[in-house]
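Here is the structure we will look at.
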Amino acid sequence: MTALSINLNKIALIRNSRDTDYPSVTDHAARCIAAGAHGITVHPRPDQRHIRADDCYELAAMLEVEFNIEGNPFAAPMKSDRKGVSDYPGFMEIVRQTRPAQCTLVPDTNSQLTSDHGFDLRRDGDKLKPVLDELRKLGVRSSLFMDPDPEQIRLAKAVGADRIELYTGPYAECFGGSEQETELAKYILASETAAECGLGLNAGHDLNLHNLKHFKDAVTNLLEVSIGHAFTVDAIELGLDKATRAYLDCLR
Ligand SMILES: CC(=O)[C@@H](O)[C@H](O)COP(=O)(O)O
Ligand SMILES: NCC(=O)COP(=O)(O)O
């Protein structure tokens, strides 16, 4: 079964709109796991708009399921502008201090609204090699956030990644329209390339209860999906337990 890793970014976004710890990120992590989620994902961005470095430390101390931390490995330290909130120590420093099961490297700039593209390894591959070496030495599984481009996926193997995460935003955008199957075919080819290279395969971004099962049924070597934005909305509408089970049902 494909593992479901719930991304808690949006719980943190709601939490940050008050100077309190409500809703609690760690409480939500525990509830998602109790409902059957296989793992927890967070994306601590330098401006700490949602997930903060403090959340990562607290989650690392409590989680007994897979913890996946996503982010730009070259994201530098940034001062916190909130009283009582620790500074952002730099992405790799968070990883060193938490040693998550998996680290998904994402080429986001600080100013991006959200993640919207994979790595260009022709340009950045050499820069990533020492980061991937450090993750290996830390005992952290590496995953590179990638577009469904076979040549780029072969480069992911060459630079030493353990897995790739296919950026599924374009698939989600086409879902339900005339281009749906043309777009999905790109992901099927990409998944076959990953398998040929011996890369593990994850996927994420804008997956939801409408588009997930079709994707999962077509991409047969999918090890893990990480879902947060749509999951949070579904949890508001259905309740967290029911929403978690609904996503798990899509992955059976
Ligand atoms: C890498 C990816 O596609 C998402 O995991 C990302 O974490 C979404 O970030 P926001 O929640 O900040 O939009
Ligand atoms: N890596 C994808 C992720 O963690 C969540 O993306 P989204 O479901 O919030 O779009």
Side-chain angles (χ1 to χ4, degrees), residues 2-17 25 28-29 32 37-53 55-56 59 63 65-73 75 78 88 91 94-95 100-119 141-148 156 161 163-175 187 200-213 215-216 219 222-236 240 243-244 246-248 250-251:
T2 302
L4 172 65
S5 185
I6 299 292
N7 182 308
L8 294 176
N9 292 356
K10 301 303 164 1
I11 299 298
L13 192 66
I14 297 168
R15 188 266 324 267
N16 291 1
S17 59
V25 169
H28 269 74
C32 289
H38 302 105
I40 294 296
T41 290
V42 294
H43 191 145
R45 296 178 182 275
D47 60 11
Q48 305 192 94
R49 66 187 73 165
H50 42 54
I51 289 289
R52 298 163 170 166
D55 295 315
C56 297
L59 286 167
L63 287 178
V65 297
E66 282 230 341
F67 188 24
N68 174 39
I69 300 183
E70 301 183 328
N72 184 326
M78 189 178 285
Y88 183 85
F91 179 76
I94 293 173
V95 175
Q102 178 175 265
C103 179
T104 302
L105 303 179
V106 187
D108 287 2
T109 61
N110 291 358
S111 58
Q112 274 179 227
L113 174 65
T114 187
S115 308
D116 58 13
H117 63 281
F119 275 104
R141 181 197 313 132
S142 62
S143 180
L144 293 179
F145 196 64
M146 303 297 293
D147 298 312
R163 292 193 186 180
I164 59 167
E165 175 177 335
L166 289 178
Y167 165 51
T168 46
Y171 162 73
E173 204 170 323
C174 291
F175 187 78
Y187 290 85
L201 185 71
N202 298 344
H205 203 90
D206 285 342
L207 292 173
N208 60 42
L209 288 177
H210 305 292
N211 63 32
L212 175 58
K213 179 161 177 46
F215 185 88
K216 188 263 172 190
V219 178
L222 189 58
L223 295 172
E224 175 188 288
V225 291
S226 41
I227 303 175
H229 193 84
F231 171 81
T232 307
V233 177
D234 292 323
I236 291 169
L240 185 140
T244 304
Y247 277 89
L248 290 169
C250 293
L251 297 173

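Treat the numbers as computed from the prediction; the structure is a model and nothing was measured. One-based numbering, in listed order, for ligands and for the atoms of each.
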**Asked** Do the non-hydrogen side-chain atoms of Asn7 and Val42 ever get within less than 4.5 Å of each other?
**Response**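 A side-chain contact is absent here, since even the closest heavy-atom pair is not under 4.5 Å.
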
Contact between Tyr247 and Asp234 at the side-chain level, heavy atoms closer than 4.5 Å - yes or no?
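Yes, close enough: below the 4.5 Å cut-off.
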
*Would you confirm whether the ring centroid of Phe119 sits within less than 6.0 angstrom of the ring centroid of Phe145?*
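Phe145 vs Phe119: aromatic centres not under 6.0 Å.
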
Within the 4.0 Å heavy-atom sphere of ligand 1, strictly under, residues: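 Asn7, Asn9, Lys10, His43, Arg45, His50, Glu70, Thr114, Ser115, Phe145, His205.
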
ask   = Does the Asn9 side chain pair with the main chain of His43, one donor and one acceptor, at a distance under 3.5 Å?
value =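 Here the side-chain-to-backbone pair exists.
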
* **Closest heavy-atom pair and its distance - Asp55, Ala12** =>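 Closest pair (atom of Asp55, atom of Ala12, distance): OD2-CB, 4.4 Å.
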
Residues around ligand 2, heavy atom under 4.0 Å from any ligand atom, sorted by chain and number. Can you pull those?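 Close residues (ligand 2, cut-off 4.0 Å): Asn7, Thr41, Glu70, Glu165, Gly204, His205, Asp206, Ser226, Ile227, Gly228, His229.
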
Among side-chain atoms of [X] and [Y], is any donor-acceptor pair under 3.5 angstrom?
| X | Y | value |
| --- | --- | --- |
| His50 | Lys10 | no |
| Gln102 | Asn68 | yes |
| Ser115 | Arg45 | yes |

- Task: Quick one: pull up OG1 in Thr232 and CG in Leu240 and give me the separation to the nearest 0.5 Å.
- Result: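 So the OG1 of Thr232 and the CG of Leu240 are separated by 9.0 Å.
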
